[in-house]
Amino acid sequence: MRPELPPRYEPASVEDRIYRFWEEGGFFRAEPAPGRAVFTIVIPPPNVTGVLHMGHALNNTIQDIATRFERMRGKVACWLPGTDHAGIATQNVVERELKKKGLTRQQLGREAFVAEVWKWKETYEARILGQLRRLGFSCDWSRTRFTMDEGLSRAVRVAFVRLFERGLMVRGKYVVHWCPRCGTALSDEEAERRERPGHLWRVRYPLKGGRGHVVVATTRPETMLGDTGVAVHPDDPRYRSLIGKTLVLPLALREIPVVADAAVDRAFGTGAVKVTPAHDPADFAIAQRQHLPAIVAMNPDATMSDAVPERFRGLDRFEARKRVVEELEREGLLEGVEDHVSAVGHCYRCDTIVEPTLSDQWFVRMKPLAEKAIAAQRAGEISFHPPRWERIYLDWLENVRDWCVSRQLWWGHQLPIWYCPNEHVTVAETEPESCAECGSSELTRDEDVLDTWFSSALWPFATLGWPEDTEDLRHFYPGHLQTTAREIIRLWENRMIFAGLELLHAVPFRDMIIHSTVLAPDGRRMSKSLGTGIDPLDVIAEHGADATRYGLLKMSSTQDVRFSYGAVEEGRKLANKLWNVSRLILGAAAEATPDLRPQALEERWILARIEATRAEVERLLGEFDFSHTAQALYRLTFDDFCDWYAEAIKPRLYARDPDALATALAALERLLALLHPIMPHVTEEIWSNLPAREARLIVSPWPEPEARFDDARDALGNAQLAARIYRRSGVRVNVLGDSRRIFEAVVRPQEDGQGDVDAEIRRVREEIARSERMLGNDGFVAKAPAEVVDAERTKLDQYRDELKALVGG
RNA sequence: GGGCGAUUAGCUCAGUUGGCUAGAGCACCAGCUCGACAAGCUGGGGGUCACAGGUUCAAGUCCUGUAUCGCCCACCA
């Protein structure tokens with residue numbers, strides 16, 4: 001044994017050193033080469049708002065395994081890293097920081113504030129990239145990008161101009177989700193609906209002239225101050241006579257008409273809808289059709305605007321709600337109130353209830369883009385894993401509405417739009433000299449920035465140099481794999497796809513893995529505010545990066561999973577086990593050279609097992625089944641390699657049998673290669689201790705199937721049979737003793753433990769009987785699929801052979 | 001209102017187109033200190049596969065319904 005190898009695998013003393021070796025050796029760099037296939041993943045760029053969480057760790061572990069696997073299979077594997085400026089999210093965290101110092105962004109002014117955010121970005125980007133290294137990820141760091149670096153920013157402007165020129169980027173006045181705390185518009189996807197208990201008030205709107213009234217139902221009474229009509233269904237007999245009549249809006253005392261619109265649901269509420277065009281998208285649509293004006297009843301901060309009666313002005317919307325209800329009650333206009341649960345939009349970044357508000361914003365016209373994406377998907381261009389998410393994605397495309405992309409924020413890509421005093425719009429990639437329409441040189445740039453997801457949409461190609469026609473773009477686009485959590489499908493994945501189709505006429509990747517969300521051990525969401533979060537760095541510090549990666553894979557599946565320390569500990573045990581069996585082999589075989597010279601049964605058997613597992617791992621990784629990959633490798637390492645093979649060859653190792661030494665080293669090499677994508681550090685560290693090997697498992701080839709294992713089937717069958725006999729044997733065999741005896745015993749059972757062979761014979765006979773019963777069943781033979789019947793016949797033959805071996809041997 | 005997923009051992013989860021006596025890790029029990037590893041080895045106990053029907057020679061697996069939990073979508077104000 002090599003005294004210099006410690007008896008325990010200590011990740012802390014190994015992982016950083018190994019990582020530096022990889023990075024300094026340039027092994028992650030992806031250089032296109034003639035004749036070599038390419039494999040590309042662009043990292044989902046983490047937000048620079050903070051540090052990575054468990055979801056990132058799982059997501060990126062999957063990407064690293066895919067990257068390392070493809071690299072070992074000989075491809076030029078490019079995993080492009082980077083970070084996202086995360087406009088609204090980062091602006092919010094920096095604002096929160098300022099608030100601790102008693103400052104607001106308004107006090108700083110735009111330029112100084114943005115400078116503060118850049119400082120924040122530098123700090124957190126460095127931390128994030130450090131975390132990615134700590135997990136052992138093999139990113140091509142020479143290609144690291146940021147969504148607001150120069151190249152990406154130019155790509156954003158070019159994309160904006162192209163969409164504008166194609167008529168896909170338009171300015172319009174619509175009701176958008178407005179976050180009064182962030183002070184900006186949001187897209188539909190950024191407003192998260194949550195069911196909240198509330199009330200449904202029924203309010204009388206008197207007819208002009210004093211007789212009669214219409215009762216409307218509302219969940220937001222304060223918005224009535226912005227009502228400009230009441231709508232009923234044209235075929236509703238209750239209200240037919242009122243259509244065209246005039247009502248007096250209570251409190252505001254404004255005259256408003258009763259209009260007919262087919263969008264009204266006769267069955268809900270009273271069948272009469274108050275129309276607030278400026279604060280409800282459905283009402284806005286009705287107002288457009290019925291030519292009703294819009295009155296903006298609220299200010300951007302959700303206080304009541306000057307358009308409402310003076311006594312309500314400046315009141316917060318919820319205070320105003322109380323006051324409106326009180327006054328209605330006092331005037332006897334409140335006909336009733338009931339509890340009502342409704343889905344209320346919340347800002348996805350600050351959780352404030354959003355206020356639908358009429359606003360002037362820029363929109364991407366989605367219909368034409370969605371149509372292309374739908375066509376591409378119908379042609380099967382992207383495979384979803386698991387496939388059920390494809391339906392979710394297509395549903396979104398089929399019901400898509402225009403995408404509001406302008407944000408009233410400071411941190412982000414400023415719109416490439418300039419206005420002249422005549423209100424002409426000039427859209428240009430670089431600052432224009434003069435107005436495109438009237439030639440005026442007095443231009444003002446639009447202050448708004450773009451939705452952060454706009455630059456994200458361009459990430460798969462802008463990171464490779466688009467809009468230039470670069471070498472990288474030609475080699476690495478389209479990419480191959482995208483992995484993500486399900487909530488990102490609508491925010492990001494969809495947008496990468498339609499942007500890629502529109503701007504490069506190609507989808508950005510072929511396979512999309514939707515992986516599980518990692519929950520806290522108690523099943524709640526991992527979140528900082530709940531105190532349920534687990535920091536991947538803490539887990540790494542305790543168990544090592546390899547164990548953490550293994551644990552995440554093991555617990556990953558297609559549904560949500562609870563974080564399990566058990567899975568990580570399993571990974572740590574696996575790393576330690578591998579380390580120690582390597583100590584055993586390396587200690588005995590220090591001078592030998594790896595070389596396959598299998599002679600003994602256990603040697604042919606372990607090589608067959610490694611070969612079978614290689615094929616299994618290839619298949620499982622091809623299906624993106626990482627949990628079973630981890631399980632297969634655990635079995636191979638623990639049960640087969642350590643508990644059986646290593647024990648069996650111990651006597652020959654101690655005796656310095658050159659064939660055993662050489663074969664053990666060669667078998668170990670193959671085992672390490674299979675484990676490397678999942679546990680890169682420990683395998684690399686062991687590899688570097690192998691004789692006559694440079695420390696670079698990372699670029700060593702994935703094991704090839706070996707023709708010389710043709711006889712492995714027999715060896716495998718025998719050994720499995722032997723193992724079964726052994727396990728059922730009542731005879732105590734000391735495994736840590738002369739383990740070769742075990743193999744000899746199980747292979748020649750008649751020499752040792754004769755009674756147990758009888759038990760085995762009984763068992764095989766039972767199996768034969770069962771199989772014969774099945775095959776003797778006419779229904780089974782007649783109705784079961786032919787291959788099932790054939791398989792059963794094959795099994796029966798195998799059992800009969802086993803029996804013959806047992807009885808005849 | 002619509003849709004999706006889940007329910008298997010004390011815990012976390014596997015279980016392929018229906019086909020042997022439903023598995024793993026952890027935990028638990030018993031034994032083992034032998035020159036890789038006690039973070040080890042060997043063996044063991046533990047399950048009405050949420051419930052009720054149905055299809056089938058055969059159901060954890062397929063169908064229908066029920067219950068519970070979770071998630072997503074939705075302009076019923």
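Just so we're on the same page: letters track the sequence lines, and every chain starts at 1.
Salt bridge status for A/E222 with A/R317: absent, with no side-chain N to carboxylate O gap under 4.0 Å. Remark: A/E398 engages A/R391 in a salt bridge, criterion side-chain N to carboxylate O under 4.0 Å.
Using C1' as the reference atom, B/A27 and B/C13 are 14 Å apart when rounded to the nearest Å. Across the C1' atoms, B/U8 and B/U61 are found 12 Å apart, a figure rounded to whole Å. The C1' atoms of B/A6 and B/U12 are separated by 15 Å, rounded to the nearest whole Å. On the P atoms, B/A30 is 15 Å away from B/G45, given to the nearest whole Å. Here, B/C71 and B/A36 have their C1' atoms 47 Å apart, quoted to the whole Å. Taking atom C1' on both nucleotides, B/G60 is separated from B/C20 by 15 Å, rounded to a whole Å. Between B/G23 and B/G47, the distance separating the two C1' atoms is 11 Å to the nearest Å. For the C1' atoms, the distance from B/A52 to B/A59 is 15 Å, rounded to whole Å.
The side chain of A/K577 places an N or O atom within less than 4.0 Å of a non-bridging phosphate oxygen (OP1 or OP2) of B/C41. Under 4.0 angstrom from either OP1 or OP2 of B/A36 there lies at least one side-chain N or O belonging to A/K650. The shortest distance between the side-chain N/O atoms of A/Y393 and the OP1/OP2 oxygens of B/G3 is not below 4.0 Å.
Protein atom CG of A/L633 is 18 Å distant from nucleotide atom P of B/A24, rounded to whole Å. What separates CE of A/M555 from P of B/A24 is a distance of 20 Å, to the nearest Å. If you take CD of A/E569 and C1' of B/C11, they are 13 Å apart, rounded to a whole angstrom. A/Q631 places its CD atom 18 Å from the P atom of B/U12, with the value rounded to the nearest Å. Computed from coordinates, the A/F626 CZ to B/A14 C1' distance equals 17 Å when rounded to whole Å. The CZ atom of A/R8 sits 10 Å away from the C1' atom of B/C37 (whole-angstrom rounding). For the pair A/R635 CZ and B/A24 C1', the interatomic distance rounds to 6 Å; values are reported in whole Å. Here the C1' atom of nucleotide B/C13 and the CG atom of A/L553 are 15 Å apart, to the nearest Å.
The backbone N or O of A/I678 sits less than 3.5 Å from a side-chain atom of A/R549, completing a donor-acceptor pair. Panel note: side chain A/T270, backbone A/A272; a donor-acceptor pair is recorded below 3.5 Å. Looking at A/E15, its side chain does come within 3.5 Å of a backbone N or O of A/A545 through a donor-acceptor pair. A donor-acceptor pair under 3.5 Å is absent between the side-chain atoms of A/T629 and the main chain of A/L620, judged by distance alone. With A/D261 contributing its side chain and A/V264 its backbone, the two residues share no donor-acceptor pair below 3.5 Å.
Picking from B/U12, B/G25, B/A36 the nucleotide with the shortest atom distance to the side chain of A/S564 gives B/U12. Taking only side-chain atoms of A/K573, from C-beta outward, the nucleotide of B/G40, B/A36, B/C13 with the closest atom is B/G40.
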(message) For nucleotides 68-77 of chain B, give me one character per nucleotide, 5' to 3': B if any protein heavy atom sits under 4.0 Å from the base, S if the only such contacts are to the sugar-phosphate, - if neither.
(response) ---S-SBBBB

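Using modelled atom types, one finds a donor on one side chain and an acceptor on the other under 3.5 Å when comparing A/S187 with A/E190. Judged by distance alone, the side chains of A/N580 and A/Y9 never bring a donor and an acceptor atom under 3.5 Å apart. A/K274 and A/T276 are linked by a side-chain donor-acceptor pair at a separation below 3.5 angstrom, with hydrogens and angles left out of the test. Counting only N and O atoms by type, the side chains of A/Q361 and A/S359 include a donor and acceptor under 3.5 Å apart.
For B/A36, the base is not stacked against the aromatic ring of A/W579, per a cut-off of 5.5 Å between centres and 30° between planes.
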Please write out the pairs of protein N or O atoms and N or O atoms of nucleotides 5-7 of chain B separated by less than 3.5 Å, giving the distance to one decimal.
none

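Contact annotation for A/V561: backbone-only contact, meaning every heavy-atom pair under 4.0 Å involves sugar-phosphate atoms and none involves a base. Residue A/F284 is classed as having no contact, given no heavy-atom separation below 4.0 Å to the nucleic acid. Residue A/F638 is classed as a sugar-phosphate contact, given heavy-atom separations below 4.0 Å to backbone atoms only.
Within the model, atoms CG of A/L58 and OG1 of A/T517 stand 9.0 Å from one another, a figure rounded to the nearest 0.5 Å. Considering OG of A/S516 and CZ of A/F626, their distance stands at 11.0 Å, rounded to 0.5 Å.
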(message) Please convert RNA chain B into dot-bracket. A pair counts if it is Watson-Crick or G-U wobble with both distances under 3.5 Å; crossing pairs go in [ ] and bases paired with another strand get |.
(response) (((((((..((((.....[...)))).(((((.......))))).....(((((..]....))))))))))))....

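For the pair A/S627 and A/A655, nearest-nucleotide mapping onto RNA chain B gives the more 5' position to A/S627.
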(message) For a salt bridge (charged side-chain N to carboxylate O under 4.0 Å, His left out) check, start with the C-alpha distance between A/R220 and A/E355, then their side-chain angles and the critical distance, and finish with the verdict.
(response) CA-CA 11 Å; A/R220 294 184 296 154; A/E355 195 61 42; 2.9 Å; yes

